[in-house]
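For reference, positions follow the sequence shown, starting with 1. Numbering of ligands and ligand atoms starts at 1, following listing order.
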Amino acid sequence: MSNNTLTITDNRTGQTYEVPINDETIKAIDLRQVRVQADDFGLMTYDPGFTNTASCKSRITYIDGDKGILEYRGYPIEQLAEQSSFLEVAYLLIFGVLPTVDQLAHWEQRIMRHTYIHENLTDLLKTFRYDAHPMGILVSAIAAMSTLHPEAKQVHDSEVRLKQIYRILGKLPTVAAFAYRHRIGRPYNYPDSTLGYAGNFLYMLDFMGQSNYQVNPVLAHALDVLFILHADHEQNCSTSAMRGIASSEADPYSSMAGAAAALYGPLHGGANEAVLRMLREIGSVANIPGFIERVKKREVRLMGFGHRVYKNYDPRARIIKKIAYEVFEVTQKNPLLDIAIELERIALEDDYFISRKLYPNVDFYSGIIYQAMGFPEDMFPVLFALGRAPGWLAQWVEMVDDPDQKISRPRQIYLGERGRDYVAMERR
Ligand code: ACO
């Protein structure tokens, strides 16, 4: 008998099965042979939220949640945040290697050449109400892009795929900036690709016709680093949505609209918005102990704390905290920072949080930075989506090329009624 197996004894029948173990994993389908009667469906696993189910083999992002390690293609997030740029990280995620000088120049040029959006899409953006949530606009705009680029359906053609990658990475900041300008009733600024990725985005958001307008390099760099920190996080909710939709061979715009919709929720991309609301509700450092008591009584959650995977300090939170101080040198210090720092200190000394391994996650400080930079709160998940886009695309490419992948279609445990006869309305 090989050592790399799992022996299962079904106590209902006394029968023993030997199931292979590869990469510390058994195949769920190998359990199907475990049955009492020959015509039984066979054993399944029950895993709501997929807490212990691998849906794919991946070579993109490595996380060790217990040690607080995050690596993209094997490179530690700390080194990438310190030394790389967002577009270089996007290349790394999608192609698996760091680009040469020429490859990076070509990559950046191709993406920045795709920053203009179709005028039909601009017209569509103008139809939203003045107070439309920019995340709703972004989700709709990404979906609408599939109608403008119908060849994107050819998901098995790598050239066509690459073209959509240039388009998506190039156009998303433009859509996001237009959504913001729409909201504040200002004319849209068309892209200036000479300003770099984050610089061009800030320009499209802010430019008001000043003759001496200059993008602030500290703020552009901070945004670039924040995008790097959000660029991928393996099989999270939105990435799983991207893979799930794309598994039906839907085009990447339709799949990414679904991914962005998943990111919209407060337990995922909406968490930093929720952190700010929470900090404002707490109001002052003196109110923190009372708030912590409410968390412990389960009346409220401590937003920006806890993570499905990290059971240690989220390494991205450490980098973000440092960036916050650089940004505050330019902007004024956000008064909520003092409450956040004290809240973190008290929570990290409290047994409720220690015993549950609840630490600050990436979103605990990101909202405070975005607010200091002047972003309205409902733009926060949009910023997250811009950062996460290369991760979604890298995971999509990996999935399309993976011969193991099939259309995503989980099983269920059916507990409902069976075989009822329809009852006519007058007899109910
Ligand atoms: N505040 C208070 N208690 C918490 C928190 C929190 N933020 N997070 C988890 N817990 C407690 C739970 O009540 C539970 O306690 P119990 O065992 O006594 O019942 C225990 O810790 C485990 O929590 P789960 O909900 O099982 O953890 P799960 O992995 O399902 O949830 C999640 C992870 C959703 C991120 C959760 O920690 C949370 O809601 N955090 C706040 C929202 C947030 O910051 N989300 C951003 C995530 S990062 C991102 O998307 C980029």
Side-chain angles (χ1 to χ4, degrees), residues 46-53 61 63-66 68 70 72 77 81 135 225-242 259-279 281-282 288-321 323 336 340 343-370 377 380-392 395:
Y46 176 54
D47 191 6
F50 306 114
T51 52
N52 197 39
T53 297
T61 290
I63 303 175
D64 183 331
D66 291 329
L70 170 61
Y72 296 158
I77 190 68
M135 198 62 184
V225 174
L226 283 158
F227 286 164
I228 292 175
L229 299 183
H230 286 90
D232 195 52
H233 215 233
E234 50 119 308
Q235 307 312 314
N236 56 85
C237 178
S238 56
T239 301
S240 301
M242 176 95 195
L263 191 69
Y264 202 165
L267 297 188
H268 191 10
N272 49 11
E273 197 178 334
V275 170
L276 281 197
R277 262 199 307 277
M278 173 189 78
L279 293 176
E281 188 192 318
I282 295 172
I288 292 174
F291 182 80
I292 295 273
E293 283 316 304
R294 288 182 59 210
V295 173
K296 293 200 282 198
K297 282 191 211 146
R298 295 165 194 270
E299 289 170 19
V300 283
R301 280 214 157 189
L302 179 47
M303 298 311 285
F305 258 65
H307 197 280
R308 171 62 59 77
V309 178
Y310 292 116
K311 302 302 169 194
N312 198 326
Y313 213 99
D314 179 341
R316 300 168 301 173
R318 252 189 249 287
I319 302 167
I320 280 200
K321 207 167 161 184
I323 291 284
L336 296 178
L343 189 56
E344 179 189 335
R345 192 190 66 75
I346 293 181
L348 292 181
E349 286 177 355
D350 192 302
D351 190 54
Y352 176 93
F353 299 93
I354 295 169
S355 63
R356 288 170 180 77
K357 300 188 174 167
L358 297 172
Y359 293 87
N361 61 48
V362 67
D363 282 325
F364 192 63
Y365 287 104
S366 63
I368 299 175
I369 301 178
Y370 293 146
E377 282 162 34
F380 297 177
V382 173
L383 299 170
F384 192 158
L386 296 191
R388 183 55 54 87
W392 288 334
Q395 301 272 350

Closest by any non-hydrogen atom to atom 41 (C) of ligand 1: pick that one out of Phe305, Phe384, Tyr310.
Phe305

Non-hydrogen side-chain atoms of Phe50 and Gln235 separated by less than 4.5 Å:
no

Where does Phe364 meet ligand 1, judged by heavy-atom distances below 4.0 Å: at the side chain, the backbone, both, or neither?
neither

Could you tell me whether atom 3 (N) of ligand 1 has at least one protein heavy atom nearer than 4.0 Å?
yes

Measuring only between side-chain heavy atoms, which start at C-beta, is Lys296 closer than 4.5 Å to Asp350?
yes

Output yes when a protein non-hydrogen atom is found under 4.0 Å of atom 9 (C) of ligand 1, and no otherwise.
yes

Counting only nitrogen or oxygen atoms and a 3.5 angstrom limit, does Gly304 reach ligand 1?
yes

List every atom of ligand 1 that sits less than 4.0 Å from any heavy atom of Ala271, numbering the atoms from 1 in the order shown and giving each element.
43 (C), 44 (O), 45 (N), 46 (C)

Closest heavy-atom contact between His230 and Tyr370?
CE1-OH, 3.9 Å

Identity and separation of the nearest protein heavy atom to atom 48 (S) of ligand 1:
His307 CD2, 3.6 Å

Just jot down the ligand 1 atoms closer than 4.0 angstrom to any heavy atom of Leu302, in number order.
1 (N), 2 (C), 6 (C), 7 (N)

Mode of Val295 contact toward ligand 1 - side chain, backbone, both, neither (heavy atoms, under 4.0 Å):
side chain

Heavy atoms only: which of His268, Met278, Arg308 lies closest to atom 28 (P) of ligand 1?
Arg308

Taking it one step at a time, do Asp314 and Tyr359 satisfy side chain to side chain contact (heavy atoms under 4.5 Å, CB included)?
CA-CA 7 Å; Asp314 179 341; Tyr359 293 87; over 6 Å; no

Got an N/O contact under 3.5 Å between Asp363 and ligand 1?
no

Are any of the N or O atoms of Arg316 closer than 3.5 Å to those of ligand 1?
no

What protein heavy atom is closest to atom 21 (O) of ligand 1, reported as residue, atom name and distance in Å?
Arg356 CD, 3.5 Å

Under the side chain to side chain contact (heavy atoms under 4.5 Å, CB included) criterion, do Ile319 and Val225 qualify, and how do the steps go?
CA-CA 9 Å; Ile319 302 167; Val225 174; 4.2 Å; yes

To check your reading of the model: name the closest protein heavy atom to atom 12 (C) of ligand 1, its residue, and the distance in Å.
Arg301 NH2, 3.4 Å

Any nitrogen or oxygen of Val300, side chain or backbone, less than 3.5 Å from one on ligand 1?
no

Geometric N/O contact Phe353 with ligand 1, under 3.5 angstrom:
no

Tyr310-His233 aromatic ring centre distance below 6.0 Å
yes

State which residues pass side-chain hydrogen bond (donor to acceptor under 3.5 Å, both in side chains) with Thr239; sequence neighbours excluded, sorted by chain then number.
Asn236

In ligand 1, the atoms that come under 4.0 Å of a heavy atom of Val362 are 51 (C)

Given the options Val295, Val275, Asn361, Met303 meets side chain to side chain contact (heavy atoms under 4.5 Å, CB included) only with Val275

So do Ser366 and Ile323 actually touch side chain to side chain, heavy atoms under 4.5 Å?
no

Right, does atom 15 (O) of ligand 1 have protein non-hydrogen atoms nearer than 4.0 Å?
yes

Atom of His268, atom of Cys237 and distance for their closest heavy-atom approach
CD2-CB, 3.6 Å

Here the atoms of ligand 1 under 4.0 Å from any heavy atom belonging to Leu267 are 39 (O), 45 (N), 46 (C), 47 (C), 50 (O)

Do Phe364 and Leu343 touch side chain to side chain, with heavy atoms closer than 4.5 Å?
yes

